[in-house]
Each structure stands twice: as structure tokens, then as C-alpha cells.
Peer 1: 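Pasting a structure here, questions to come.
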Amino acid sequence: MKALETDGIEFLSKGRVHTIRPGEVIVGTPEGDVRIQAAKVIWTAGVRASHLGRKLVEAKGCEVDRGGRVIVEHDFSIADHPEIRMAGDLSSYSHTGICKPLTGMAAPAKQVGTFIDEDIAAIVAERPRPSFNYLGLGSMVVLNRASAVADLLGLRVAD
Ligand SMILES: Cc1cc2nc3c(=O)[nH]c(=O)nc-3n(C[C@H](O)[C@H](O)[C@H](O)COP(=O)(O)OP(=O)(O)OC[C@H]3O[C@@H](n4cnc5c(N)ncnc54)[C@H](O)[C@@H]3O)c2cc1C
């Protein structure tokens, strides 16, 4: 926050945007509405999963989470349909041992793809099936040309 404030960014941490209209953004906070005058508004509050998730719900009766991601089993299949596997941003996988779903990022998507490939190969070859263990190496956010924060295997660094 300090680095970004030095760049002239102001934070409003408690509140949710409920209205965007030409020239104005309105944020509801515990203390009441805050109006921000703005000529340009850039929305960065996340993305929704593809509408394919909802189509699967209609066709197969599976469940989706709040973000529209399909809730999957240990092997990334959907409930009662072992022949359908979901990887990447469209899947909601909570069997991580820490009760937090896998994040919608590139590293989990790639590892899940590799796991599903190995699992299907094991089924076809009638070998013991592997189990999925996510290896999270960490993440980094670049703030500006001179600052970044990172979580590297649990080691938190900021500069
Ligand atoms: C702005 C932004 C920044 C991001 N930055 C990072 C980052 O810094 N680090 C990180 O790890 N992750 C980042 N992510 C997340 C990362 O991109 C995703 O988690 C990852 O790409 C998920 O892979 P995926 O294969 O599930 O989906 P995608 O990579 O989105 O691939 C899905 C593909 O399916 C295609 N498709 C969609 N519908 C259909 C259809 N009906 N028929 C045929 N094809 C279709 C799409 O065109 C696309 O090519 C970012 C995402 C966004 C939006």
C-alpha cells in the first residue's frame, strides 16, 4: 500500500461498488455512500467463469460455485459423470487439504491438465491411479517499475 500511495493511489478498503454511471462511481460503505467523480472507470474486480458451466448444470445437473465454476470431485470429474473432467478456470476444486479452492491461475490449470492426462493413461493401462497434489511455488505481484510483493513457498518478501 505504501508503494502505491507514493504513486498517488488512494485506497478505499471497506465497501462495494453498487453504481457506475457516466462521470461517477458510487461505493457503499458502512458509513454510507461514497461518490467518486471519474472520467474513466476501469473494472478489475474479477472475471466470471464461462457460460459453459451453466450449460453443464442444465445438461448434467452438476453444481457451480458463486463465480459459476463447476464443482468437481477429487479427480476433476463432475458428480456422477466420471467421463467428464474439468480443468482450469472453469473448475472449482476444494479437495486441497486446506479447504481453499485452487486459484484461477495458470500454474494450477497446467498442473491439473497434466494430472488428468496421467490419470486417464493409468485407467486405460489398468495401472494404479495417481492422486492430485498441487505444488504451489508462490506468486508475485509487480506494483511498479521498482516495487513488487511475492510469496515464495511461504516466504513473504516486499521491495
Ligand atoms: C487479465 C488477466 C490476467 C491474468 N494474469 C495472470 C497471471 O499473471 N498469472 C497467472 O498465473 N494467471 C493469470 N491469469 C489467469 C490465467 O490466465 C488463467 O487462470 C488460465 O489461463 C486458465 O487456463 P484455462 O485453460 O482454464 O483457460 P484459458 O486460458 O482462458 O483458455 C480457454 C480457451 O478456450 C477458448 N474457448 C472458450 N470458449 C470456447 C468455445 N465455446 N469453443 C472453443 N473454445 C473456447 C478460449 O478462447 C481460450 O483460448 C490472468 C487472467 C486474466 C483474465
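We're numbering straight along the sequence, starting at 1. Counting convention: from 1, in listed order, for ligands and their atoms alike.
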Peer 1: Can a salt bridge be assigned to the pair E24 and R21 using a cut-off of 4.0 Å between side-chain N and carboxylate O?
Peer 2: yes

Peer 1: Hey, are S147 and N144 close enough side-chain-wise for a donor-acceptor pair under 3.5 Å?
Peer 2: yes

Peer 1: Short question: side chain of Y93, backbone of H74 - any donor-acceptor pair under 3.5 Å?
Peer 2: yes

Peer 1: Side-chain donor-acceptor contacts of residues 125-132 below 3.5 Å, not counting sequence neighbours, with atom names and distances?
Peer 2:
residue	atom	partner	partner atom	Å
R129	NE	D119	OD1	2.8
R129	NH2	D75	OD2	3.0
R129	NH2	D119	OD2	2.8

Peer 1: Identify, chain by chain and in numerical order, each protein residue with a heavy atom under 4.0 Å from an atom of ligand 1.
Peer 2: G88, D89, G104, M105, A106, A109

Peer 1: Of all residues at least two apart in sequence or in a different chain, which pass the ring pair (Phe, Tyr, Trp, His ring centres under 6.0 Å) check with H81?
Peer 2: none

Peer 1: What residues, two or more places apart in sequence or in another chain, satisfy side-chain contact (heavy atoms from CB on, under 4.5 Å) together with L153?
Peer 2: L137

